[in-house]
Amino acid sequence: MSYLALGFTYGFFVFCLVLGWIAAGMLDLDGILRRSGARWGRFLLRLGVALVLAEGFRVFLSYALGPLVEILVNRSVTGFKTF
């Protein structure tokens, strides 16, 4: 696997993790994160929720954006082959 593809893979995961972190903060409907006792407890709870949501975002965006990326990559590879 090339370094560019590896970088895109990790970048996509970090992007999904950031989306999950933001969504975990927004889903705090009843103040569960604020009612947790310790500061580390709140952080670990939000991190766990963010990881679960990040996986959901990853799967959804893979299915939603995958065909578009495939079309773009095929066009660029086909264009590159003509040279």
Side-chain angles (χ1 to χ4, degrees):
M1 182 183 276
S2 71
Y3 291 115
L4 182 62
L6 186 65
F8 279 136
T9 302
Y10 282 118
F12 185 62
F13 173 73
V14 169
F15 175 70
C16 290
L17 188 60
V18 168
L19 285 177
W21 184 264
I22 292 169
M26 294 174 74
L27 287 176
D28 188 23
L29 300 174
D30 297 326
I32 296 170
L33 295 174
R34 288 186 295 270
R35 283 194 313 229
S36 275
R39 180 178 178 150
W40 282 102
R42 289 191 307 249
F43 175 76
L44 290 176
L45 180 64
R46 186 168 179 179
L47 181 64
V49 171
L51 285 171
V52 170
L53 290 173
E55 183 64 19
F57 281 124
R58 187 191 65 80
V59 169
F60 171 73
L61 290 175
S62 293
Y63 282 111
L65 297 178
L68 177 64
V69 172
E70 184 70 30
I71 291 170
L72 293 174
V73 169
N74 280 339
R75 282 190 185 161
S76 65
V77 170
T78 305
F80 181 73
K81 286 180 184 178
T82 58
F83 291 106

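At a threshold of 4.5 Å between side-chain heavy atoms, the hydrophobic network of Ile, Leu, Val, Met, Phe, Trp and Tyr places Met26 and Val18 in one connected group. At a threshold of 4.5 Å between side-chain heavy atoms, the hydrophobic network of Ile, Leu, Val, Met, Phe, Trp and Tyr places Phe15 and Phe60 in one connected group. In this structure, Leu65 is a member of the same hydrophobic cluster as Leu19, with clusters built from ILVMFWY side-chain heavy atoms closer than 4.5 Å. Tracing side-chain contacts under 4.5 Å through hydrophobic residues (I, L, V, M, F, W, Y), one never reaches Phe57 starting from Val52; they form parts of separate clusters.
Judged by distance alone, with hydrogens and angles left aside, the side-chain atoms of Arg58 form no donor-acceptor pair with the main-chain N or O of Phe13 at under 3.5 Å.
Note: Leu51 CG to Trp21 CH2 = 9.5 Å, rounded to the nearest 0.5 Å.
Taking all atoms of both residues into account, the shortest heavy-atom contact from Ala54 to Cys16 is CB-O, 3.4 Å. Considering every non-hydrogen atom in both Pro67 and Ser62, the closest pair reads CD-O, 4.3 Å. Between Ala23 and Leu53, the closest heavy-atom pair is CB-CD1, 3.7 Å. Residues Ala24 and Val49 share a closest heavy-atom pair of CB-CG1, 3.7 Å.
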